[in-house]
Amino acid sequence: MKIPLSSPSISDVEQSYVNAALREGWISGTGEFVTRFEAGLSARLGRTHTIAVANGTLALELILRGLGVGPGDEVILPALTFAAPAMSVLAVGALVVLADIAADSWTIDPAQVRAKLTHRTKAVIAVDLLGHPADYDALVGLRVPVIQDAAEAHGSRYKGKQVGAQGDCSVFSFHANKAVTTGEGGSVSTDDAALAARLRLIAHHGMSRERPYVHEVVGRNYRMANLVAAFGLGQLDRWTELVGARDRVSDRYRDLLAGTACEPAPVAEWATRSCWLHTVSVREREVALRRLRASGVDARAIWPVLDEQPVLAHLAGDFPVARRVSRHAMWLPTYAAMSEDQIRFVAAEVVDALGAADLPVRGA
Ligand SMILES: *Cc1c(COP(=O)(O)O)cnc(C)c1O
């Protein structure tokens, strides 16, 4: 049985919006579907402004430019994450500063952030890792803007509130492997009207809305296409269904793997995590992955710690929690259309791969 790590769920809802955009011939940036997509996302998050952009990485870069982060400035981010936040900091010429993650949430440890603050710190990027929100209440009041990277956390909640509503501004990715997708896509949401206006200006070539072809600031083109937003509007309509379907898969894995040597990722008491990819820690991960791959199951190791990336090797540090998680955690296939048979097959392969002798990784 071939089982991919992830697979998008596409219905006739998306198809009908896309067909409407095609019929109207309005396919590039700005347009009715972009406006509706932005309004729909703002409403879902309880934010006042949303700007749809071409992808999640550019959403982060846009915010950094909007906040005036540049050469010589420092931005603190978690040592364990997909590399996009680090790349966006490097793209604006600023310095990456890594902080370890907390063992109870696998998100950036506020105490470590405090220890890394300097007069050059211009922002903190908190990542809602694998869908688990960072501890935002512990990050506000640090006198630097907090950027919420919720790229993996559609539908999660922080202390009862929708993820995407925290920090000075938040980012989603709509890449095809995320719970809600537009193929490629991203967004920035904020309640700060002045920041939103500035981000919109930069995202539209730095060009005044009132005075076309008058460029007020250095801008670029970060826009999401109307055709893409039409697809996204269909996914927004199905948000609850899409998020719920992944949670159902994750719950089944948790039940089927209970009492085995697999340790599920932690959930802090202040968090409600919607699952992005079901993640487990095992002692002999490489053995397990070899076995799963040989059976056609596309399970994968979580990312290396950022200081193990060639481009960030100069940041080598301790980061004991990130290191432990990075060595032992792996993702199991997780997507909306997974059948009970497929979930059972993967779980059985995991149990076989572990063998009776493997022991849980305490603390990972
Ligand atoms: C996917 C992801 C991004 C980037 O999103 P793209 O849309 O692929 O550019 C950013 N941050 C995190 C944590 C992600 O997982």
Side-chain angles (χ1 to χ4, degrees), residues 5-8 37 41 50-65 75-92 96 98-99 101 105-108 123-134 136 146-156 158 163-164 166-167 169-189 203 220-225 228-229 231-232 235-236 242-243 246 265 271 273-279 300-306 309 311-312 322 325-326 329 331 334-335:
L5 179 68
S6 183
S7 171
F37 181 75
L41 198 54
T50 294
I51 299 151
V53 296
N55 60 61
T57 307
L58 286 179
L60 290 166
E61 190 186 306
L62 173 61
I63 292 170
L64 293 171
R65 287 188 194 282
V75 179
I76 302 177
L77 43 109
L80 185 69
T81 170
F82 177 60
M87 294 303 171
S88 67
V89 172
L90 298 179
V92 301
V96 172
L98 299 179
I101 54 173
S105 69
W106 290 5
T107 62
I108 197 163
V124 174
I125 302 179
V127 178
D128 300 332
L129 204 81
L130 310 170
H132 192 298
Y136 290 94
V146 174
I147 301 166
Q148 174 176 38
D149 183 347
E152 301 166 6
H154 312 75
S156 293
Y158 175 69
V163 153
Q166 294 73 33
C169 45
S170 62
V171 162
F172 280 105
S173 162
F174 302 105
H175 183 266
N177 73 11
K178 305 290 160 73
V180 177
T181 182
T182 58
E184 298 281 358
S187 64
V188 178
S189 296
R220 303 176 78 190
N221 180 355
Y222 287 94
R223 292 187 305 246
M224 175 184 280
V228 171
F231 184 94
Q235 291 266 302
L236 270 194
L242 293 170
V243 167
R246 285 171 106 98
R273 180 189 58 202
S274 283
C275 181
W276 174 44
L277 295 171
H278 189 80
T279 310
R300 294 189 198 173
I302 198 171
W303 318 280
V305 177
L306 283 175
Q309 299 287 359
V311 69
L312 293 170
V325 173
S326 173
W331 297 313
T334 311
Y335 51 92

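Just so it is clear, the values below take in all heavy atoms, side chains as well, and ignore hydrogens, waters and symmetry mates. For reference, positions follow the sequence shown, starting with 1. Atoms within each ligand, like the ligands themselves, are counted from 1 in listed order.
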**Student:** Nearest 0.5 Å, please: how far is CD1 in Ile76 from CG in Leu98?
**Tutor:**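 These two atoms lie 10.0 Å from each other.
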
**Student:** Which residue in the set Val124, Asp149, Ile108 passes side-chain contact (heavy atoms from CB on, under 4.5 Å) when paired with Pro78?
**Tutor:**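 When side-chain contact (heavy atoms from CB on, under 4.5 Å) is applied between Pro78 and each of Val124, Asp149, Ile108, only Ile108 qualifies.
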
**Student:** Using 30° and 60° as the class boundaries, would you call the ring planes of Trp303 and Phe82 parallel, tilted or perpendicular?
**Tutor:** tilted

**Student:** Do the side chain of Thr279 and the main chain of Leu277 share a donor and acceptor less than 3.5 angstrom apart?
**Tutor:** yes

**Student:** List ligand 1's nitrogen or oxygen atoms that come under 3.5 Å of a protein nitrogen or oxygen, with the partner atom and distance.
**Tutor:**
residue, atom, partner, partner atom, Å
ligand 1, 5 (O), Ser173, OG, 3.1
ligand 1, 7 (O), Gly56, N, 2.8
ligand 1, 7 (O), Ser173, OG, 2.7
ligand 1, 9 (O), Gly56, N, 3.4
ligand 1, 9 (O), Thr57, N, 2.9
ligand 1, 9 (O), Thr57, OG1, 2.6
ligand 1, 11 (N), Asp149, OD1, 3.4
ligand 1, 11 (N), Asp149, OD2, 2.7
ligand 1, 15 (O), Glu152, OE2, 2.5
ligand 1, 15 (O), Lys178, NZ, 3.2

**Student:** How far does CG of Leu41 sit from OG1 of Thr50, to the nearest 0.5 angstrom?
**Tutor:**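 Here the rounded value is 4.5 Å.
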
**Student:** Quick one: are Ser6 and Arg300 in side-chain contact, heavy atoms under 4.5 Å?
**Tutor:** no

